[in-house]
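Numbers restart at 1 for each chain; the letters A, B, ... are given by sequence-line order, proteins then strands.
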Amino acid sequence: MPLQLGRIAYVLFSLGLILLTSSVAPASEFRVVSDTILRTFERDAGNGKKLKAFPAYEYLQLDYGSLRDNGLSLHAYGWERVNLRDNYNKDDSEGELLYAYLQYVPPSRNYQVRAGRQYIFEGVARDSIDGIYGKAFLLPSVNVAAYAGYPTALESTDGLSGDLIYGGKITHSRPDLYDVGISYKYIANKDSRDEETLGSDLSVLFPRNVSLFGHSAYNLVNSGWGEHSYELRLPRGQFEVRPFFQHFRYDDYFNSRSNSANPFRFLQGTGNAMTVVGTEAYYYPAENWEFALRIKNYDYDKRFGTSQFYTLLTIWKWKILSEVGAELGRMQGHEAENRYFLTRGYVYWNLAKGFVTSDVMYVNYDEAIYKKNGALFASIGGGSKFFNDTLSVKLSFDYSNDAYFDEDFRTMLKISYLLDKTFTSRPKKD
Amino acid sequence: MKFIRYAAFLLVASLLGLLLSCAARSGYRLPVAHPQIFELGEKREFCTKCHGYNKKPIDFERYNHTALFTESHRLVAYQDEGVCSICHAQSFCNNCHATRVELKPSLQDETGNYRRIQHRGDYLARHRIEGRIDPSSCFRCHGSPKSSKTCQSCHG
């Protein structure tokens, strides 16, 4: 509870700070992006009876300050659920503040600082923190990023005391030749080291637009390489092939300490390793056609035999925002329980005043799951925009018949509201 | 050991200060925001369509949003997330990458079916297979106590 109050105080403080400084800032903007979602569906009450559930969600994004240019700005995003009928998910917390941070970028754009709750993507860091982040361009070709704070994922694990996350990344880049980066991350829960990782990122540009990308991660707690992922891109006119290689050592990639989670805890200590070799391939016969293929071969040291995964996807656009897509997939596990066929087709049709969509997906499992081999999902929907596109209303219905849903219908109404007609830093979502 | 935490904080803060004070004046700097263009409003467009195959100031071809971009943006994002943020607010990434969003992304945006989104359809059944075959990708998004809340009812 004090934590929540602290956060609210922090947001208010930041808002005040911005209001104070905004009079001198060149262009201040206020943007609200609100998505209100109403869903209705039936759920099993556990005693053979079905209850109607009627949850309402609100996803709210606020941005204030200098949003298109350097300067000071505040950004916040979170969601909340209220149950209008039964007690669906009753004992879960009913919302989350996903981020709330203050950002400053000077006119030279030589550095950037952020304070507050934010998501960090810097090499081996892909974590949400309550803390500070900064990035600075040192030499013309070197930039350094650093962050420190509380890891939000550990908020409810043994309290906050002794929790810490910090790390950073240093990148050297020559835009038309290569980038190399070294990153580091440390996470502690209650003063005990949970994760400590060193990572490297690489990209190299070769002649004829060929390029190579790579990422490796070294687990400093166990002293072992957890991951190697490398990809080559070979574009050739209308074709592009992207072979890739990935290797994971479970003991060093997974974690069984407090910053981990149950579905994965048992994987550390199995001594297993997985090697994935595969490719993506693209073909663009015309500007409005896309063909994509992905093949993956999985090889394990233990537990499973060699398995393959195939995906084929075709997209045809008949207008700039209207398209039809079809997908075929096959998971060819070595064991029968790991095999399925997947087919999907969808259409998105943009009309003068709105749009219509439809989706059908059918999965067939080689081995039945809860006595069902097939899983059908279908949805239709449509929507329209009002008041110069500031308000959009979307309605959709979906139908599921699978191992978990028995001929169930669900309805969803989504009302999106946007204050500020400009979308620069966040493409409109539909 | 509170001390270590504060020491680390101080260290990072002073390091930052130092870096800021001597930040270089030359070199390319990304804009804070990409210009708003109609074609870029709702759908992915290849960067090369407007920028050509220029390798400067950035390698535009690298960022082309292909039909499988959802599965394959990670190596590009590791390199420099700053490029993504000129067009995408964190909330956009949070649709799929979040500590906890409750509604799976394909439901949160059910009519946006032109987007390639993980977990479409009956994922509760299918996830067993995908989770067994390759748990490495799941771990990135569901590997913490908070991002696995949805899993607790069955996985404890």
Side-chain angles (χ1 to χ4, degrees), chain A residues 61 68-69 77 96 98-99 109-111 119 121 123 128 134 136 138-140 144 146 148 152-153 157 164 166 175-176 179 191 201 203 213 215 231 248 259 261-264 280 290 292 307 313 315 323 338 346 348 357 359 361 369 375 377 381 394 396 402-404 412 424-426 428 430, chain B residues 1 5 8-9 12 15-16 19-20 23-24 26-27 29 32-33 36 41-43 53 55-59 61 66-68 75 77-79 81 87 89-92 94 98-100 110-114 120-122 124-126 129 132-133 135-136 139 142-146 148 151 155-156:
Chain A
Q61 180 190 341
R68 268 159 235 280
D69 213 340
Y77 182 55
E96 189 83 41
L98 294 171
Y99 62 77
R109 283 183 265 143
N110 279 335
Y111 63 89
Y119 218 84
F121 283 115
S128 165
L138 288 179
L139 307 165
V144 177
T152 30
T157 314
L164 169 69
Y166 70 86
D176 48 349
D179 307 273
D191 294 324
D201 292 294
S203 71
F213 296 88
H215 173 78
E231 176 182 304
F248 295 90
N259 191 33
N262 258 349
F264 310 101
E280 280 177 9
E290 286 180 81
S307 306
L313 183 66
I315 297 168
E323 67 183 57
N338 289 338
Y346 70 87
Y348 185 96
T357 70
D359 215 316
M361 185 161 170
I369 293 178
F377 173 86
K394 298 163 203 165
S396 55
D402 57 52
Y404 286 88
M412 176 156 156
T424 321
S425 66
R426 189 202 187 203
K428 254 186 294 181
D430 243 287
Chain B
M1 290 282 279
R5 192 168 75 220
F9 251 101
V12 172
L15 196 72
L16 264 176
L19 296 182
L20 299 190
S26 54
R29 303 284 179 269
V32 171
Q36 187 208 339
E42 311 202 358
K43 297 249 172 121
Y53 290 82
K55 300 296 170 197
K56 272 184 174 170
I58 61 169
D59 173 11
E61 190 180 8
T66 62
L68 298 173
L75 290 181
Y78 286 150
Q79 286 300 335
E81 187 262 334
C87 293
Q90 284 193 2
S91 62
F92 178 83
N94 279 157
T99 35
R100 204 161 100 74
E110 190 163 75
T111 54
N113 60 357
Y114 52 85
R120 283 195 185 277
D122 75 316
L124 282 179
R126 192 152 39 97
I129 298 178
R132 283 192 285 251
I133 292 288
S136 72
F139 185 65
H142 294 294
S144 81
K146 228 182 202 179
S148 63
C151 328
H155 290 277

### Task
Can you measure from NZ (A:K394) to OG1 (B:T111) and round to the nearest 0.5 angstrom?
5.0 Å
### Task
List in chain and number order the residues that pass side chain to side chain contact (heavy atoms under 4.5 Å, CB included) with A:P175, two or more places apart in sequence or in another chain; answer none if no residue qualifies.
B:K56
### Task
Against chain A, label B:N94 side chain, backbone, both or neither, depending on which of its atoms sit under 4.5 Å from a heavy atom there.
side chain
### Task
Under 4.5 Å heavy-atom distance to chain B, tell me which part of A:D402 shows up: side chain, backbone, both or neither.
side chain
### Task
Output the distance between atom OH (A:Y346) and atom OG1 (A:T357), rounded to the nearest 0.5 Å.
11.5 Å
### Query
Taking B:Q90 for the side chain and A:Y119 for the main chain, is one N or O donor matched with an acceptor at less than 3.5 Å?
yes
### Task
For A:S203, check side-chain hydrogen bond (donor to acceptor under 3.5 Å, both in side chains) against everything at least two apart and list the hits.
A:D179, B:R62
### Task
Output the option from B:H142, B:H155, B:R126 having the highest count of non-hydrogen pairs under 4.5 Å with chain A.
B:R126
### Query
Atom CD of A:E323 and atom CG of B:N113: how far apart are they, to the nearest 0.5 Å?
8.0 Å
### Message
Does any backbone or side-chain atom of A:Y404 lie under 4.5 Å from a heavy atom of chain B? Answer side chain, backbone, both or neither.
### Response
side chain
### Task
Identify which of A:A403, A:S307, A:P263 forms the greatest number of heavy-atom pairs closer than 4.5 Å to chain B.
A:P263
### Message
At a 4.5 Å cut-off on heavy atoms, which part of A:E290 comes close to chain B: side chain, backbone, both, or neither?
### Response
side chain
### Query
Out of A:G381, A:A292, A:S396, which one racks up the most heavy-atom pairs below 4.5 Å with chain B?
A:S396
### Message
Report which part of A:F264 has an atom under 4.5 Å of a heavy atom belonging to chain B: side chain, backbone, both, or neither.
### Response
side chain
### Best-contacting candidate, B:S148, B:C151, B:G156, B:A125, against chain A by heavy atom pairs under 4.5 angstrom
B:A125
### Message
Classify the ring geometry of A:Y77 against A:Y99: parallel below 30°, tilted from 30° to 60°, perpendicular beyond 60°.
### Response
tilted
### Query
So which heavy atom on A:T152 is nearest to which on B:K146, and how close?
O-NZ, 3.6 Å
### Summary
Ranking B:Q79, B:R120, B:E81, B:E61 by heavy-atom pairs under 4.5 Å to chain A gives rank one to B:Q79
### Task
May I ask you to name which of B:D59, B:L124, B:I58 has the most heavy-atom pairs under 4.5 Å with chain A?
B:L124
### Query
What option among B:A98, B:P145, B:A67, B:G121 has the most heavy-atom pairs under 4.5 Å with chain A?
B:P145
### Task
Starting at OG1 of B:T99, measure out to CG of A:L98 and round the result to the nearest 0.5 Å.
5.0 Å
### Query
Highest number of heavy-atom pairs under 4.5 Å with chain B: which of A:M412, A:E280, A:H215?
A:H215
